[in-house]
Amino acid sequence: MTGKLIATAVYLGCCFWLSWKAWKETGSNADYMLAGRQAGPFVMAMSYGATFISTSAIIGFGGAAAMFGFSVLWLTALNIGVGVFIAMVFFGRRTRRMGLALDSHTFPELLGRRYDSRFIQGFSGSIIFLFIPVYAAAVLIGIARLAEVSLGVPYVAALLSVTAILALYVITGGIKAVMYTDAFQGTLMVLMMLMLVGYTYWMLGGVIPAHETLSDMAPLMPEKLRAGGMLGWTQGTVTGSPLWLVIYTTIVYGVGVGVLAQPQLAVRYMTVPSDRELHRAVLFGGVFILLMTGVAFTVGALSNAVFFQKFGKIAIQMGGGNVDKIIPAYVETMMPGWFSGFFLLAMMAAAMSTMSGQYHTGGTALGHDIITRTLGRKQQGLAANRIGVVITILASLVWAWVLPGSVIARATAFFFGLCAATFLPAYSLGLYWRGMTKTGAKVSMLGGFAASMFWLLFIHEKEAAAIGLCRWLTGKATLVADAVPGSALHLLQWVDPNVVALPLSFLLAAGVSTATRPVAREHLDLCYSRC
């Protein structure tokens with residue numbers, strides 16, 4: 001325990017030194033929000049990756065992989081192909097150039113200025129400010145659960161301590177503090193994940209014996225999961241079954257595509273001085289994502305074999321029925337004692353790097369996009385952004401306090417899907433299509449958001465049943481709860497909202513734009529002047 005505390009103190013000392021360095025270099029709003037647009041490729045890629053991958057991916061989705069097996073690895077493929085390659089090559093370049101042409105400092109400001117609409121900037125900022133604390137809370141829960149298991153710290157104390165540490169350097173140092181600490185934290189995360197996967201395969205006798213052992217354990221799959229369509233941890237699921245829909249529509253598609261419209265990631269493109277840094281960042285980012293999610297999902301699935309050999313129990317039993325406790329329990333019980341301390345630091349790094357980006361994005365959405373730009377109180381400036389960060393941090397803490405167990409992966413998927421349905425059509429078409437209009441963007445954003453929320457509240461079983469609005473209004477857990485079991489209508493309860501809301505949002509964007517007045521040619525020329 002003493003060694004863990006000393007290592008934690010050294011780690012925090014490095015973070016505070018980097019944040020002090022950033023604070024000394026932050027003298028303007030541009031520095032606070034975009035790091036002066038001078039970030040290098042390694043810092044940008046590691047910041048992007050460390051913000052993208054957090055304890056929600058490692059603890060939450062690693063736990064999900066312990067339940068659903070290697071099927072979750074399809075998310076890693078999308079994370080690299082979509083979240084890194086397509087994001088940086090096709091979105092990053094245009095975002096950086098258009099952001100520079102329009103002097104945009106935040107993701108909502110980019111959208112607002114592309115369509116010359118104060119409403120779009122204010123609406124985008126409001127969605128981010130209101131809902132990013134839910135995602136941040138999922139990350140905070142992950143590190144708090146790990147501290148609870150590893151250090152024996154009470155859950156609430158862990159929530160308060162991590163929040164206080166993050167608040168200190170995000171509020172003062174802005175995006176520079178976030179990116180400097182991200183690069184340091186991301187490097188630590190890579191080292192720990194390499195050790196984690198190597199030791200796991202060693203315990204199981206190598207790669208092939210490990211996978212053979214897990215395959216042979218298929219009869220041990222819990223009956224509840226088997227009833228939902230699971231065949232085994234390596235065998236996958238029955239196509240079209242409820243759990244097949246959960247894995248491929250929510251986890252793989254919802255998160256894998258939703259990354260393109262993540263505001264805390266999109267703003268990273270605008271921090272580099274040229275396209276060259278973005279192209280170089282693809283390699284760093286791709287390798288980083290592979291080592292993070294690929295390792296977490298692989299170890300999550302294999303933890304069943306390790307636990308069963310040692311204790312005669314599968315992973316969900318070792319986690320006490322809480323998916324979010326599986327990876328912490330695995331590290332604490334199966335890995336060497338010295339490793340658990342370093343892994344705790346790596347997960348602190350994962351949590352702090354992601355939450356710092358979330359807090360910064362939510363805070364600038366309130367301070368810059370809503371207070372300064374939409375409400376026109378320009379005298380607030382840097383102070384408004386810092387106040388926004390404080391409020392975002394407090395909101396995230398409250399959510400982490402009240403959310404139930406086994407919620408990390410679900411809360412993450414919720415935010416990714418909501419952002420995709422609300423922002424992706426207006427964002428992507430606005431980057432490449434001159435015919436995309438202000439009205440088309442407004443209708444698309446409002447329609448995508450409304451469709452996503454309707455599906456969550458009235459159709460998707462997990463959220464609808466938990467929130468209870470549908471039951472209160474109709475007497476049913478979901479609108480399709482009484483459909484014939486196994487029918488297409490009944491299976492809609494496990495279809496992710498993004499499957500419906502995102503295509504609808506794209507149709508609204510394209511259809512309304514072709515029927516409404518185009519944006520002025522002079523303004524479009526300005527938007528695309530650097531593209």
Side-chain angles (χ1 to χ4, degrees), residues 1-2 4-20 23 50-51 54-56 58-60 129-174 177-178 181-182 185 188 264 320 322 324-325 327-329 331-332 340-341 343-363 366 386-408 411-412 415:
M1 183 66 70
T2 302
K4 291 181 182 179
L5 293 176
I6 293 173
T8 301
V10 172
Y11 161 75
L12 292 176
C14 293
C15 288
F16 285 133
W17 179 79
L18 289 169
S19 63
W20 175 81
W23 174 71
T51 302
S54 66
T55 52
S56 65
I58 298 168
I59 304 296
F129 170 68
L130 289 174
F131 292 101
I132 205 169
V134 179
Y135 178 24
V139 180
L140 182 56
I141 290 170
I143 188 58
R145 289 299 183 195
L146 184 61
E148 180 185 30
V149 173
S150 181
L151 295 177
V153 177
Y155 176 65
V156 173
L159 289 179
L160 295 173
S161 300
V162 174
T163 299
I165 292 168
L166 275 165
L168 185 61
Y169 75 77
V170 179
I171 294 169
T172 56
V178 171
T181 53
D182 282 354
Q185 291 161 341
L188 178 62
Q264 72 276 17
N322 188 339
D324 299 339
K325 289 187 176 182
I327 297 298
V331 171
E332 194 61 27
S340 64
F343 187 78
L344 175 63
L345 296 184
M347 292 305 95
M348 284 185 65
M352 291 171 68
S353 57
T354 298
M355 285 190 293
S356 60
Q358 294 164 331
Y359 292 161
H360 181 269
T361 300
L366 176 61
R386 285 176 169 151
I387 292 171
V389 171
V390 171
I391 296 174
T392 303
I393 290 171
L394 293 175
S396 302
L397 181 60
V398 171
W399 276 112
W401 217 308
V402 301
L403 286 173
S406 300
V407 76
I408 295 176
T412 303
F415 185 72

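This structure is a prediction, so every number in the text was calculated from the model and none was measured.
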For this session: Go through the steps to decide whether Ile132 and Thr392 satisfy the test side-chain contact (heavy atoms from CB on, under 4.5 Å), and finish with yes or no.
Result: CA-CA 8 Å; Ile132 205 169; Thr392 303; 4.2 Å; yes
Locate the shortest heavy-atom distance separating [X] from [Y]; write the atom from each residue and the value.
{"X": "Phe129", "Y": "Ile391", "value": "CZ-CG2, 3.6 Å"}
{"X": "Tyr135", "Y": "Phe415", "value": "CD2-CD2, 3.4 Å"}
{"X": "Ala400", "Y": "Tyr155", "value": "O-OH, 3.2 Å"}
{"X": "Ala137", "Y": "Ser396", "value": "CB-O, 3.5 Å"}

Exercise. Under a 4.5 Å cut-off applied to non-hydrogen side-chain atoms, are Leu160 and Leu397 in contact?
Worked result: yes
Exercise. Is there a side-chain contact (heavy atoms from CB on, under 4.5 Å) between Leu140 and Trp399 once you walk through the steps?
Worked result: CA-CA 10 Å; Leu140 182 56; Trp399 276 112; over 6 Å; no
